[in-house]
Amino acid sequence: MSETSKNKFFWLRFASKHPILANIVYICVAGAVLIGLGFLFLNRWTHHGDIDQIPNVASLDYERAMNVLEEQGFQVEISDSVYDARLKPGTVISSWPKAGAVVKPGREVFLTIASFQPRKVSISMPLVNVSSRQAMKYLESVGIKNVRIVNVPSQFADLVLGAKYRGQDIVPGMLLPVNGEVTLEVGTVPTVSEEEIGDYHETNSTDVIRDSWNEPDYNYDEPQSSAYD
């Protein structure tokens, strides 16, 4: 009898005498086979051991960047858009994962691009009847930095008397582009020069002298008549 036949005969005798233990062995063997097949399938599904590198697509227009990434098997999504007057609209600013990162093939890549229109902000506070410093500080806090100051005569120095965008009065709730120019009309107290002050005093002095010349002459030696005479 061959060795294989002996082993097979032994297992049959063992299984017939100990069916419960034999079933446990069957289950363990079947489980090990299934686990092995699962790992094999998982490695193929997740491309275990396969790596790829994110290409640098910054400064490319979106269409070109998308073609470059998709040609290498990546999926592309736009995650954000930022307005930058120095960049052409649609230009890729950055990517995530960053350029040079080692990732799995087919990974999703998120792009930040230059927006086609500037971001708009809502004005939430009045810009008039406040100091120019307060108005400037608020505008800068919401992203508006292009502010033009126009001085207008007023008895209230440094008080904003008017706020305009393209000739229109700015009111709370109004939407303004962050790159727009805002004009603030700021009150300035008129100043008087020393020469003007000197001319003023000279004119007043001349008027006083002229008035004194026009006064009637009185003879204080003669008795003055009264209403009771």
Side-chain angles (χ1 to χ4, degrees), residues 42-152 158-186:
L42 186 63
N43 288 340
R44 293 180 62 86
W45 179 264
T46 60
H47 301 281
H48 182 70
D50 296 338
I51 59 173
D52 218 334
Q53 194 173 33
I54 301 294
N56 185 8
V57 294
S59 300
L60 298 180
D61 64 85
Y62 172 70
E63 294 293 336
R64 175 59 180 159
M66 183 177 63
N67 291 336
V68 170
L69 291 168
E70 289 182 345
E71 286 175 0
Q72 298 191 23
F74 295 110
Q75 302 178 48
V76 183
E77 289 288 340
I78 296 178
S79 62
D80 196 8
S81 61
V82 179
Y83 181 77
D84 191 333
R86 300 169 299 177
L87 298 177
K88 179 182 176 182
T91 301
V92 176
I93 298 175
S94 62
S95 66
W96 182 261
K98 296 182 179 180
V102 177
V103 297
K104 297 286 185 182
R107 194 193 193 287
E108 196 169 27
V109 179
F110 299 94
L111 299 180
T112 299
I113 66 172
S115 63
F116 290 84
Q117 293 183 348
R119 179 173 61 92
K120 291 187 177 182
V121 294
S122 177
I123 302 301
S124 60
M125 64 165 278
L127 296 179
V128 296
N129 295 326
V130 297
S131 67
S132 62
R133 180 179 179 183
Q134 184 178 356
M136 290 278 293
K137 187 174 181 181
Y138 171 76
L139 290 172
E140 290 179 0
S141 69
V142 297
I144 299 176
K145 299 181 180 180
N146 190 9
V147 181
R148 184 168 66 98
I149 301 294
V150 176
N151 294 322
V152 295
D158 198 43
L159 184 71
V160 179
L161 303 176
K164 300 180 181 296
Y165 171 70
R166 293 184 175 180
Q168 184 179 359
D169 291 332
I170 299 175
V171 295
M174 189 174 181
L175 293 175
L176 298 180
V178 293
N179 66 330
E181 183 185 73
V182 172
T183 301
L184 297 180
E185 298 174 348
V186 180

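One is the number of the first residue; the rest follow in order along the sequence. This is a predicted model, so every value here is computed, not measured.
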Undergrad: Taking the side chain as every heavy atom from C-beta outward, state whether Tyr138 and Val130 have any atom pair closer than 4.5 Å.
TA: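 They are not in side-chain contact.
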Undergrad: How close do Leu127 and Ala135 get, counting heavy atoms only, and between which atoms?
TA: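 Taking every non-hydrogen atom into account, O-CB, 4.2 Å.
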Undergrad: Output yes when a side-chain donor or acceptor of Ser122 lies under 3.5 Å from a complementary backbone atom of Ser124, and no otherwise.
TA: no
Undergrad: Heavy atoms only: give me the nearest Phe116-Pro89 pair and the separation to one decimal.
TA: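 Looking at all heavy atoms of both residues, the closest pair is CD2-CB, 3.3 Å.
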Undergrad: Carefully, step by step, assess Met66 and Glu63 under the rule side-chain contact (heavy atoms from CB on, under 4.5 Å).
TA: CA-CA 5 Å; Met66 183 177 63; Glu63 294 293 336; 3.5 Å; yes
Undergrad: What heavy-atom pair brings Ala99 and Asn56 nearest, and what distance separates the two atoms?
TA: CB-CA, 3.6 Å
Undergrad: What distance separates Phe74 CZ from Glu108 CD, expressed to the nearest 0.5 Å?
TA: 12.0 Å
Undergrad: When rounded to the nearest 0.5 angstrom, what is the spacing between OG in Ser115 and CD1 in Ile93?
TA: 7.5 Å
Undergrad: Can you confirm whether Leu184 sits close enough to Met136 that some side-chain heavy atom of one is under 4.5 Å from a side-chain heavy atom of the other?
TA: yes
Undergrad: Within a radius of less than 6.0 Å around CZ of Arg133, do more than 12 heavy atoms belonging to other residues, nucleotides or ligands occur?
TA: no
Undergrad: Out of the candidates Leu60, Asp80, Leu69, only one should pair with Leu111 under the side-chain contact (heavy atoms from CB on, under 4.5 Å) rule; please name it.
TA: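 Of the listed residues Leu60, Asp80, Leu69, the side-chain contact (heavy atoms from CB on, under 4.5 Å) partner of Leu111 is Leu69.
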Undergrad: Could you check whether any side-chain heavy atom of Arg107 comes within less than 4.5 Å of a side-chain heavy atom of Asp52, counting everything from C-beta outward?
TA: no
Undergrad: For the residue pair Pro97 and Val103, what are the closest heavy atoms and their distance?
TA: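 Closest approach of Pro97 to Val103: CG-CG1, 4.0 Å.
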Undergrad: Taking atom CZ of Arg64 and atom OG of Ser59, what is their separation to the nearest 0.5 Å?
TA: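 Separation between the atoms: 13.5 Å.
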Undergrad: Check Val171, Ile170, Leu175 against Ile123 for a side-chain contact (heavy atoms from CB on, under 4.5 Å) and give me the one that passes.
TA: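 Going through Val171, Ile170, Leu175 one by one, the side-chain contact (heavy atoms from CB on, under 4.5 Å) with Ile123 is satisfied by Ile170 alone.
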Undergrad: Over all heavy atoms of both residues, which pair between Met125 and Pro172 is shortest? Give the atoms and the distance, please.
TA: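 For Met125 versus Pro172, the nearest heavy atoms are C-CG, 4.0 Å.
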Undergrad: Between the side chain of Asn146 and the main-chain N/O of Arg148, is any donor-acceptor distance below 3.5 Å?
TA: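 Checked: no pair found.
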Undergrad: Say you draw a straight line from OG1 of Thr183 to CZ of Arg166; how long is it, rounded to the nearest 0.5 Å?
TA: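 Between atom OG1 of Thr183 and atom CZ of Arg166 there are 11.5 Å.
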Undergrad: For a quick test of reading the model, state the closest non-hydrogen atom pair linking Thr112 to Ser79 and the distance between them.
TA: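 Residues Thr112 and Ser79, closest heavy atoms: OG1-OG, 3.7 Å.
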Undergrad: Is any side-chain heavy atom of Pro177 less than 4.5 Å from a side-chain heavy atom of Tyr165?
TA: yes
Undergrad: Can you list the steps and then say if Asp158 with Val186 is a side-chain contact (heavy atoms from CB on, under 4.5 Å)?
TA: CA-CA 6 Å; Asp158 198 43; Val186 180; 4.0 Å; yes
Undergrad: How long is the gap from CD on Gln134 to CG on Leu159, to the nearest 0.5 Å?
TA: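 Going from the CD atom of Gln134 to the CG atom of Leu159 covers 10.0 Å.
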Undergrad: Got a second to check how far Ile149's CD1 is from Glu185's CD, nearest 0.5 Å?
TA: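 Between Ile149 CD1 and Glu185 CD, I get 10.5 Å after rounding to 0.5 Å.
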